[in-house]
2 protein chains.
Amino acid sequence: MAKQPELDDFRVPYFDDGKKKPLFSLGDFDPAAKPFSSGSKEADRARLSVIGMQLDNLQERLHAQRKRRVLLVLQGMDTSGKDGTIRAVFHEVDPLGLRIVPFKAPTPVELAHDFLWRVHSRVPAAGELTIFNRSHYEDLLVPTVLGELDAQAFERRCAQIRQFEEMLSYSGTTILKCMLHISKDEQRTRLQARIDDPNKHWKFDVSDLEARKQWDAYQSAYCDALAATSTEYAPWYVIPADSKTHRNVMVAELLLRTLDALKLEYPPAKESLKGVKVE
Amino acid sequence: MAKQPELDDFRVPYFDDGKKKPLFSLGDFDPAAKPFSSGSKEADRARLSVIGMQLDNLQERLHAQRKRRVLLVLQGMDTSGKDGTIRAVFHEVDPLGLRIVPFKAPTPVELAHDFLWRVHSRVPAAGELTIFNRSHYEDLLVPTVLGELDAQAFERRCAQIRQFEEMLSYSGTTILKCMLHISKDEQRTRLQARIDDPNKHWKFDVSDLEARKQWDAYQSAYCDALAATSTEYAPWYVIPADSKTHRNVMVAELLLRTLDALKLEYPPAKESLKGVKVE
């Protein structure tokens, strides 16, 4: 009997300073795979809805307890579905409990600081669930592909990220990082659909096609970046994302497991409120 | 035949500098009224869901166009349902398109600035829909009830708010302000329910009961504040809110009408994308 896939099969191996070569290749993961689908879209959506309600309950406990912080980082090529994942996974979660932080191309003020500056000011506070829609990893990937970051500078930046994330983790932040993995063919289909619908042109810039031309360079940069920054305190997961339904279910399952592991409870009842009758 | 109620029947009359006495009294509005309910909870919820999807579409256009800004201000006594309104009205709206800003008791840094400082830094940018969960109106209401703001200081602060909101409006911000109006009896029921459920104690502080003791003073302060700050560019509406379903439907209807009036359209198609085939 074939082994059932497990979430951890999609976890990027933890960084090991002693090894020279990453033990992992993005190419080993099939973007079209649907290991966590039931086979029925309808059943998957029902499952997503159930997980959504569980996430809503866990988020309320997180907020009530006001101790832990949770950070979900979403990365992926254009059209890989970062926006769609957020919408689908958090549909049942109280919007009061979410903070979604999109990172665009850095502004002049942001560029005048170190690359972690704008990120640090947006990390979750106690009781918060924050989603980074793109992140500090852009500052690793883009300059690498543009040839602005040599191997040594790349390694240094990876080390800085590891230290930064370790510090966040040490101060009570649970970090989960997902790379939405689509194929080049799937991207073509999705970009073309945007071009063919005039109401979607606002989402699109001709320069997006330039990034597509660098597809292989980006895949390679992703591979190196993930291998150098997947750690016990901030693991990376590869999410096969050609199927939107599969992508949503898998990210939701991962987040559910992560929050479940925190054993979040409501704070103890207040003695001072015992038996109080409101007048 | 009785006149059908209209949304504008619940609008606080616009401020008129020439008049000494406000033309309006909160007491004239029945918190238990359900003028915009169909009579069936089920039908109201279905209606809310339909409006939610329309709001989602309008929010996407707002975002795509990146010109107008929309600010919804929610005020009301403890347990009046500000959180619940946000959750219900925006359930169908993409969380990526919302920014919810809760204002708590001011921090020392915030207190070291003028009362509009923390508010100004959080107003919506072009294309944004922002919800203020409490607002600068707290700085009018609380000090008034505590006796820290005399009549002259109150009037000055109201004038400052009018000028601030007029400036926001002039720079492209549509402002809608809703006062969730509950009865003192309904508040008792809701506070008691929180006290009786230990898992809800975290939402509760014994000092909340102090504010309840000042119920009449707060109603009076609300009445004066609304009368002095309801303007054509930033109108106040009184939302009968003892019924949660009614409250949600009415706020949703108001917001829908407000966004509809903006005639939001997707930006024109980009000529540069015409006929482009993705390789």
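Order of the sequence lines fixes the chain letters, A, B, ..., with proteins taken first and strands second; residue numbering starts at 1 for each chain. These numbers come from a predicted model, not from an experiment.
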Check your understanding: How about K184(A): does its NZ atom have over 12 heavy atoms from other parts shown lying under 6.0 Å from it?
Key -> yes
Check your understanding: Does any non-hydrogen side-chain atom of D94(B) lie less than 4.5 Å from one of I86(A)?
Key -> no
Review point. Would you call the rings of Y266(B) and W202(A) parallel, tilted or perpendicular, where under 30° means parallel and over 60° means perpendicular?
Key: parallel
Study note, to complete from the structure: Ranking D205(B), I100(B), D83(B), L96(B) by heavy-atom pairs under 4.5 Å to chain A gives rank one to L96(B)
Review point. When you check the gap from the basic side-chain N to the acidic O, do D56(B) and R87(A) get nearer than 4.0 Å?
Key: yes
Check your understanding: At what distance, to the nearest 0.5 angstrom, does CG of L209(B) lie from NZ of K277(A)?
Key -> 12.5 Å
Practice item. Could you tell me which portion of D197(A) (side chain, backbone, both or neither) has an atom closer than 4.5 angstrom to a non-hydrogen atom of chain B? Key: neither
Practice item. Look at R61(B), K274(B), E92(B), R188(B) and state which one has the largest set of heavy-atom pairs under 4.5 Å with chain A. Key: R188(B)
Revision key, fill the gap. Among N199(B), L191(B), V276(B), the residue with the most heavy-atom pairs under 4.5 Å to chain A is N199(B)
Review point. Can you check whether V278(A) reaches T189(B) side chain to side chain, under 4.5 Å on heavy atoms?
Key: no
Review point. Between Q192(B) and E279(A), is there a donor-acceptor pair closer than 3.5 Å when you use the side chain of the first and the backbone of the second?
Key: no
Study note, to complete from the structure: Under 4.5 Å to a heavy atom of chain B? For K200(A) that would be neither
**Study point:** Region of R212(A) in contact with chain B, defined by heavy-atom distances below 4.5 Å
**Key:** side chain
Exercise for review: First locate atom NZ of K203(B), then atom CD of E60(A), and finally report the distance between them rounded to the nearest 0.5 Å.
Suggested key: 5.5 Å
Review point. Hey, does the side chain of K270(A) reach the backbone of P198(B) with a donor-acceptor pair shorter than 3.5 angstrom?
Key: no
